[in-house]
Amino acid sequence: MIRVNIDKCGHCGACVSVCPTNSITLVESCLSIGDTCTTCETCVAVCPVGALMVS
Amino acid sequence: MKDSYDVIVVGAGPAGSFAAATAAAECDALLIEKRQEIGDPVRCAEGISKLGLSKFLQPQTKWIANEVAGARIFAPDGTKIEVSGELAGGEVGYVLERKIFDRDLAKNAARAGADLLVRARATGLITDHDTIKGVKVQHLGEALEIPASVVIAADGVESQVGRWAGINTTLKPKDIESCAQYYMTNVDLLEDSCDFYLGSEAPGGYGWAFPKEHKAGNIGLGVLGSRLDGRRSIDYLDAFVERHFPSGQRIELNVGGAPVSNAVSTTVKPGLMLVGDAAHHTDPITGGGIINALEGGKLAGEVAKEAVRLQDFSLQVLQRYESAWRASFGKTLDRNYRIKEFFVKLSDEDLNKLVHSLEGLTIEEMSVSGLMRRVISRNPRLLMGLRHLF
């Protein structure tokens, strides 16, 4: 599972743009990961601030 | 607000606002923005070509934080070359105040007659078979379904609208720059130059220092998504700042993703057009996107007007938008993607060699193509793969 560290997230949407299953939703400053996520970790790799991690 | 619109534009960045302003001259247009504030937070280094901007808009003093005469490009070993503004990929000339610029473009759309909604997030499309017929919107907790004849998707790098319509807009990590930037003060910047730093300080991307006022400016970098392994863009940025601007204080942090990919292969569907970052219309070399956003927005707005005049929203009519942007900046995007694919493979040593080969040249008189031809002629073996492009 991918976890969002809200204290790091800059709500920029870079993760949303690379998600192959379109599982990430960004509403203002709130980022959420849906159940279609396959934990491919592409979002983890491109996040500029390291706000996403596998848990 | 009306019950239905000729045109709904999703996203009030430069592409969306310009599309809405263009369409609103003749059509009922609605511009929706998911954020509660247009233009904030900024996800941009704010450099723009003077010529490019002036083609579309009369530049307003309040949009412009600073005017620069040119750019300096630093090799990894610190060697630099200086180029005049209009050569550096068109991304220097003015350093904008995007918060004010974006807001003014939205105002222009409203003054042209468009309705505006902020805190209005598109959650889906209304479709009839394969035709897009409107947008589902969450606005301040209320679910709305707003019918429209044409939808223009200007919803940025994280675009959803295209995906809902079955267009693949997913970026590969090798085709996105993961960017971090501080607005810093107490920094010694050359006030009339936008500076670019090449090499492994920002693998597969570059660092930048764009002055906005005396001793203050945007200092940031982009790292290619596929080159990030463990260290984040912000880690690279902190190291970059420590090395080049150790006295700087951080006033603001901006982060974002810039597409450095090919353009989206299909930017139209019946009832739908994609513009700006949502269509991956950013320049693959510089990551700059405002000028193409304005151009694409204008072209989409014009085609929307035409479709409304004809009352024909089929692929055949909307295809005119796709043909128009391809004829306008499509070839440059294609060429620059191939150059980017080549340049991201160069080592620090290669980059040093390239910059050394241009030292002492007067390059104010040259175009980007001219600059590239000169680089290639001085480094034939290294750049053999690019010869055919010039």
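In what follows, every heavy atom counts, from backbone to side chain, and hydrogens, waters and symmetry copies are set aside. Each chain gets a letter, A, B and so on, in the order the sequences are listed, and its residues count up from 1.
- Looking at B:D155 and B:Q160, their side chains never bring a donor and an acceptor atom within 3.5 Å of each other.
- Heavy atoms of A:S29 lying under 4.5 Å from chain B are absent altogether.
- A:H11 meets the ring-ring contact (aromatic ring centres under 6.0 Å, His included) test with no other residue; sequence neighbours excluded.
- Between the side chains of B:Y182 and B:D238, a donor-acceptor pair is found at a separation under 3.5 Å.
- At a 4.5 Å heavy-atom cutoff, the contact between B:R35 and chain A is made by backbone and side-chain atoms alike.
- Looking at B:R43 and B:N254, their side chains never bring a donor and an acceptor atom within 3.5 Å of each other.
- Counting heavy-atom pairs closer than 4.5 Å to chain A, the top residue among B:P259, B:S226, B:S178 is B:S178.
- Neither the backbone nor the side chain of B:Q138 comes within less than 4.5 Å of any heavy atom of chain A.
- Most heavy-atom pairs under 4.5 Å with chain A: of the set B:I234, B:L171, B:L237, B:L228, this distinction falls to B:L171.
- When ring centroids are compared, B:F343 and B:Y206 stay outside the 6.0 Å threshold.
- Ranked by heavy-atom pairs shorter than 4.5 Å toward chain B, the options A:V44, A:T25, A:T42 are led by A:V44.
- Ranked by heavy-atom pairs under 4.5 Å with chain A, the list B:K172, B:E158, B:E177 is led by B:E158.
- In this structure, B:F245 and B:Y197 have perpendicular ring planes: the angle between them is above 60°, well past the 30° mark.
- With a 4.5 Å cut-off on non-hydrogen atoms, A:C47 touches chain B through its backbone but not through its side chain.
- Cation-pi check for B:R231 over B:Y236 is met; the charged atom lies under 6.0 angstrom from the ring centroid and within 45 degrees of its normal.
- Contacts of B:S159 with chain A are absent, with no heavy-atom separation under 4.5 Å from either backbone or side chain.
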